[in-house]
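All ligand and atom numbering here is 1-based and tracks the order in the structure.
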Amino acid sequence: MADKEHLNLVIIGHIDHGKSTMMGCMLIKTGAVTDREARELEKIAKEYDRDSWSYAYVFDRLKEERQRGITIDLAFRKFETKSKYFTIIDAPGHADFVKNMITGASQADAAILVVSGKKGEMEVGIAANGQTREHAYLAQTLGVKQLVVAINKADVYDWSEERFNECKDGVSDLLKSIGFPVKKIPFVPTSGMTGDNLAEKSDKMPWYDGPTLIEAIDQFEVPPKPTDKPLRLPIQDAYRIKGTGVVPVGRVESGVLKKGDKIIIMPTEFTGEIRSIEMHHEEIPQAIPGDNVGFSIRGITLKDVGRGDCLGHPTDIPNVIFPNGKWTGQIIVIWHPTAIAQGYTPVVHAHTAQVAAKFTSLSKKLDQKTGAVIEDNPKFLKRNEAAIVELQPIKKMCLEKYTDIPEMGRFAVRDMGRTVAVGIVKDVVSGTPAAKK
Ligand code: GTP
Ligand code: MG
């Protein structure tokens, strides 16, 4: 495994389109999940009276997930193909848990978009308020540029080429409008239930001559690692572990973190030294962009670190925007029941942070395709409109210019349990700490 390249792969798509089942099946069929574990999961699925869900239970491990038959939180598993090894991040499709999907997508290099080909299900997913659409927008904004689309549940649509093409066309139109290079994206007809076209080519769809799902993901390119940029490691969570102390975890976005490094965590301003770094339960001497790691720091407590904070080196400290600062964002409005106006204060998600922020100015409305200014100081912004806006966080938040560190310069605007807009950071005015004013 050590000589294989690593990629983080997020599984996205509308609720119940078969993400967890497909990934569970793939892991079982390729032996990444042992027979013993697979049999154990079958038993548990029977106990919950959900026989057909045992594959999904590879990823859905919470009691509530197993009872309700939905994914709620992210689950991570390791998986290998011929040339790569993947950390698979299974995301929830349910509209209530899109914030978890955003966290997953913000850590991913590539995605499998799972779209059920069952009559009516594809249509619901790509509709104005469907999660196929919402997830595709978010993936694009969060920098997931490489995609494979699985037109799933082929057993239900009778392995039909006609239905496959209908779904492919619908999803292609959507992806094109978002700006994905559709011609380069493989569309694979799959059944996550029977395993067709996952690890082995299906004999039920002789009309299909493209890659299997595994062949398709093996073709993903490993993005160049921004190791020469300053260290940015957004914290995904911090745990207190008996005997070890507090262990923060997160993914390195840029730069390199080495054992022994002096570090600073923003905005808490905690400084310390890295005692050890762990990935997949193995100690490693250094972590590079893309690595999901846990680490220990002497003397750190849960007050010093938490989700949304960002770790860096004291020589190049992660940028913080204070509540009297602001940033300029270029956004696209995905959904809003009415319209966005000045003063609107939804929640902004950027890397792993979630902070309420106020639209202090709607500066320019833009033509979505060309980027040309079509209106100065618009009064409102509606669905599908692009704009330059100014936002002010209500509490300290780590954020950087997209052109400096893209991974730290993207955000999603959420309200009423839905994604309202997605955008990138054009400029930042940090502001000053209240106490030092
Ligand atoms: P969320 O994580 O809650 O968004 O759902 P999901 O996309 O992970 O879907 P999940 O794998 O939980 O499957 C949802 C339902 O569809 C379950 O009843 C599965 O058994 C069924 N299902 C999934 N894939 C297939 C498939 O390829 N064929 C058939 N017939 N059923 C499938
Ligand atoms: Mg699921």
Side-chain angles (χ1 to χ4, degrees), residues 9-29 33 38 41-42 44-46 48-77 88-105 111-122 124-126 129-136 138-139 148-160 163-164 167 171 187-200 202 204-205 208 212-213 417 419:
L9 177 66
V10 68
I11 318 303
I12 58 175
H14 196 84
I15 185 164
D16 272 356
H17 280 206
K19 298 175 289 300
S20 302
T21 301
M22 176 184 291
M23 288 305 110
C25 181
M26 204 163 89
L27 264 56
I28 289 170
K29 298 252 156 150
V33 166
L41 293 171
E42 270 175 39
I44 298 171
K46 274 211 180 71
Y48 281 108
D49 215 12
R50 283 187 174 273
D51 292 38
S52 72
W53 295 75
S54 74
Y55 289 157
Y57 283 10
V58 171
F59 285 95
D60 294 340
R61 309 192 82 85
L62 301 174
K63 187 163 175 219
E64 191 185 350
E65 293 181 317
R66 290 178 169 180
Q67 275 171 346
R68 291 175 66 185
I70 61 166
T71 304
I72 294 172
D73 209 348
L74 299 170
F76 297 77
R77 296 283 300 224
I88 294 183
I89 309 168
D90 184 36
H94 195 298
D96 288 354
F97 306 115
V98 172
K99 64 177 193 303
N100 296 338
M101 178 274 170
I102 291 171
T103 307
I112 301 177
L113 174 62
V114 179
V115 181
S116 167
K118 188 173 171 182
K119 195 104 205 123
E121 291 193 343
M122 178 278 286
V124 168
I126 65 170
N129 55 5
Q131 273 66 53
T132 306
R133 177 176 294 269
E134 185 174 5
H135 284 192
L138 291 168
V148 165
V149 179
I151 305 294
N152 196 33
K153 306 198 185 180
D155 57 314
V156 180
Y157 62 86
D158 298 326
W159 321 103
S160 152
R163 176 60 180 163
F164 170 77
C167 296
V171 177
F187 284 74
V188 188
T190 58
S191 169
M193 189 68 102
T194 61
D196 282 82
N197 278 343
L198 300 188
E200 277 166 37
S202 167
K204 303 192 189 81
M205 293 173 276
Y208 175 74
T212 61
L213 193 68
T419 302

- Message: Using the side chain to side chain donor-acceptor pair (under 3.5 Å) definition, which of the options E134, R133, Q131 pairs with T419?
- Response: E134

- Query: Counting each atom of ligand 1 from 1 as listed, which ones have a heavy atom of I70 under 4.0 Å away?
  - Reply: 3 (O)

- Message: For atom 9 (O) of ligand 1, what is the closest protein heavy atom, and at what distance to 0.1 Å?
- Response: G18 N, 3.2 Å

- Flag, side chain of D196 to backbone of K204, donor-acceptor distance under 3.5 Å: no

- Message: Let me confirm one number: the CZ-CD1 distance from R50 to I44, rounded to the nearest 0.5 Å.
- Response: 14.0 Å

- Query: When you measure from atom 31 (N) of ligand 1 to every protein heavy atom, which one gives the shortest distance, and what is it?
  - Reply: M193 CE, 3.4 Å

- Message: Please report the interatomic distance OG(S191) to OH(Y157), rounded to the nearest 0.5 Å.
- Response: 9.0 Å

- Task: Please determine if A56 has a nitrogen or oxygen closer than 3.5 Å to a nitrogen or oxygen of ligand 1.
- Result: no

- Item | Donor-acceptor contact present, side-chain N197 to main-chain S202, <3.5 Å | yes

- Does any N/O atom on M22 come nearer than 3.5 Å to any N/O atom on ligand 1? no

- Task: Name the closest protein heavy atom to atom 22 (N) of ligand 1, giving the residue it belongs to and the distance to 0.1 Å.
- Result: K153 CE, 3.8 Å

- Message: Heavy atom to atom 19 (C) of ligand 1, shortest distance: which of D90, I11, T21 holds it?
- Response: T21

- Message: Going by the closest heavy atom to atom 28 (N) of ligand 1, which one wins out of I15, V156, D155?
- Response: D155

- Message: S20 versus ligand 1: do any nitrogen or oxygen atoms come within less than 3.5 Å of each other?
- Response: yes

